[in-house]
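Shown next, in structure tokens, is the structure this report addresses.
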Amino acid sequence: MAMASTVKVVLGSIAFGFFWVLAVFPAVPFMPIGRTAGALLGAMLMVVFRVISPDEAYEAIDLHILGLLFGTMVVSFYLERADMFKYLGKLLTWKSRGGKDLLFRVCLVSAISSALFTNDTSCVVLTEFILKIVRQNNLPPQPFLLALASSSNIGSAATPIGNPQNLVIAIQSKISFEKFLFGIFPSMLLGVLVNAAILLCYFWKHLSIERDQKVEAEAGDLVVENEVNSHRFSPATMSYANSMSSQDFSYVIDATTPSSLVNAEPLRTIAIVDGLGLENVGISQRREEISSARRYIRTTSRSRNSHAGEANSLPNSEARDPPNENWKRSLWKICVYLVTIGMLIALLLGLNMSWTAVTAALALVVLDFKDARLCLEKVSYSLLIFFCGMFIAVDGFNKTGIPSTLWEAVERYSRIDNIGGIALLSVVILLLSNVASNVPTVLLLGSRVAASAASISASEEARAWLILAWVSTVAGNLSLLGSAANLIVCEQARRAQFYSYNLSFWSHLKFGVPSTIIVTAIGLPLIRSY
């Protein structure tokens, strides 16, 4: 594609520049309007500057991708209501054998859940729960937060519904769900294992610290049984939703927490040095806190058992749902799981992805037999609007001819029929994904990489799409800003009510750079040989 006129190139670059700055830095001081408004601003400028016409702008919006996003959001909401993530949480702590075993489980569970329910959803639901587990077990939070974020990104690469860029690739390439899954799954599985091994190597000493096993077991039981239920997936805000106000919550804490824990420095507020060590905490104070925690746990446990016994002695206890209601809820949960499994089977059979997801979502709405307003309010409409603006902004930038000109300069050196070409293409995708974000990178490079590979053979074209999916997804682990899932984990951990932790940019980068390079490199030969 030839370059457009100078005026069109300049105006199109300005419009795309606004989109890019606000997409990468949503709280930029001179215009802190956020990603969604920034995408709409970039789209509007493309039309106002006449880089594209209004009709071309509407045509740039891909309804297939929006439908698939909407459907997966609704299905994820009902799966959360059906306690799917509660069971995943129990799986993390069931017969756990220490920090290293728990780290491996976090990697595996987050990867699998991300492949089925998207990486952002998994990070929203699991972050604070994992924080509570590691704090109760007296383990450093950093390796587990890194495991959640990085494994969620790697796991999401395996399916078209794992992340937004894969949705774009699946729709544009017309690769079936089955072919996509079997093409990337071996790389994903090996990548998760290697990523877990890198984490273990980095944090082996810190995960080998002996802990008070009795406190660990008692605290672990409390977390599993009671804390998972407090997490409610809210994709519209991507935040932890708590039904109690802060005043109510403070009242409950004051009423239930013993004075020894109030006077002592809580575990969650102990200063962290480099994310791993404890600062200014004496050994005697530490022992005192553990003893207080053990007494509090035992007292709480006895109190709960006493209340449970009283409730069981009452014939019409309000603490227990009627058997009929329990039976109905169990049946509803089974139906939710069956509909989800049916959706996955339909996707494997090659049915239209977007309509399959929408059909499953509406089936769950009907099965719920309630006003769907609560469910529809949980849909992240801001994300859908962001995609609309991004489609228009990227399409307008493509029409300036700049991406085509740049691609023509490197295309002959980045063909996927040789190792050097694959290496160069991977480097371009890695860098561009961290500079411009992975979804715009896929929109900018996808058709060009596919066309270059199609000139070799039809099978190479499909392989090129899979390479693009793998590299652009794993590229999100390079830095904290490389993936929305990373930012969700960081923000959720920072805002956690009890066990807050600040995952810094540099602490992520020190792990992210070697992990991204190694995992990307070991996955490419498997995809290349598919």
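Small disclaimer: the values here were computed from a predicted structure and weren't measured.
In terms of modelled atom types and a separation under 3.5 Å, the side chain of S173 and the main chain of I169 share a donor-acceptor contact. Of the possible polar contacts, none joining the S354 side chain to the G67 backbone as a donor-acceptor pair under 3.5 Å is found. Judged by distance alone, with hydrogens and angles left aside, the side-chain atoms of N486 form a donor-acceptor pair with the main-chain N or O of S479 at under 3.5 Å. Judged by distance alone, with hydrogens and angles left aside, the side-chain atoms of R528 form no donor-acceptor pair with the main-chain N or O of I467 at under 3.5 Å. The closest donor-acceptor contact from the side chain of S110 to the backbone of C107 lies under 3.5 Å. Looking at S515, its side chain never comes within 3.5 Å of a backbone N or O of F511 through a donor-acceptor pair. With hydrogens and angles disregarded, a donor-acceptor distance shorter than 3.5 Å links the side chain of T159 to the backbone of A115. Side-chain atoms of Y202 never come within 3.5 Å of backbone atoms of P143 as a donor-acceptor pair (strictly under, hydrogens ignored). In this structure, the side chain of D368 does not engage the main chain of K370 through any donor-acceptor pair within 3.5 Å. No donor-acceptor pair under 3.5 Å is formed between the side chain of S452 and the backbone N or O of V449.
Taking the side chain as every heavy atom from C-beta outward, F19 and L41 never approach each other to under 4.5 Å. Here the side chains of W506 and L480 are not in contact, with every heavy-atom distance at 4.5 Å or above. For the pair Y381/T36, no side-chain contact is recorded, criterion being any heavy-atom separation below 4.5 Å from C-beta on. In this structure, L406 and R448 have side chains that are not in contact, with every pair of non-hydrogen atoms separated by 4.5 Å or more. In this structure, L384 and V379 have side chains that are in contact, with non-hydrogen atoms separated by less than 4.5 Å. Residues L367 and V336 form no side-chain contact, since every pair of their non-hydrogen atoms from C-beta on lies 4.5 Å or further apart.
Remark: the T516 side chain and the N477 side chain contain no N/O donor-acceptor pair separated by less than 3.5 Å. No hydrogens or angles considered: nothing links the side chains of N502 and S504 as a donor-acceptor pair under 3.5 Å. Side-chain N/O atoms of Q165 and T473 include a donor and acceptor closer than 3.5 Å.
Just one residue in the list S156, S152, S472, S114 forms a side chain to side chain donor-acceptor pair (under 3.5 Å) with N163, and that residue is S156.
Using bins of under 30°, 30° to 60° and over 60° for the plane-to-plane angle, the ring pair F391/F387 lands in the perpendicular bin. F16 and F397 have parallel rings, their planes meeting at less than 30° on a 0 to 90° scale where 60° marks the start of perpendicular.
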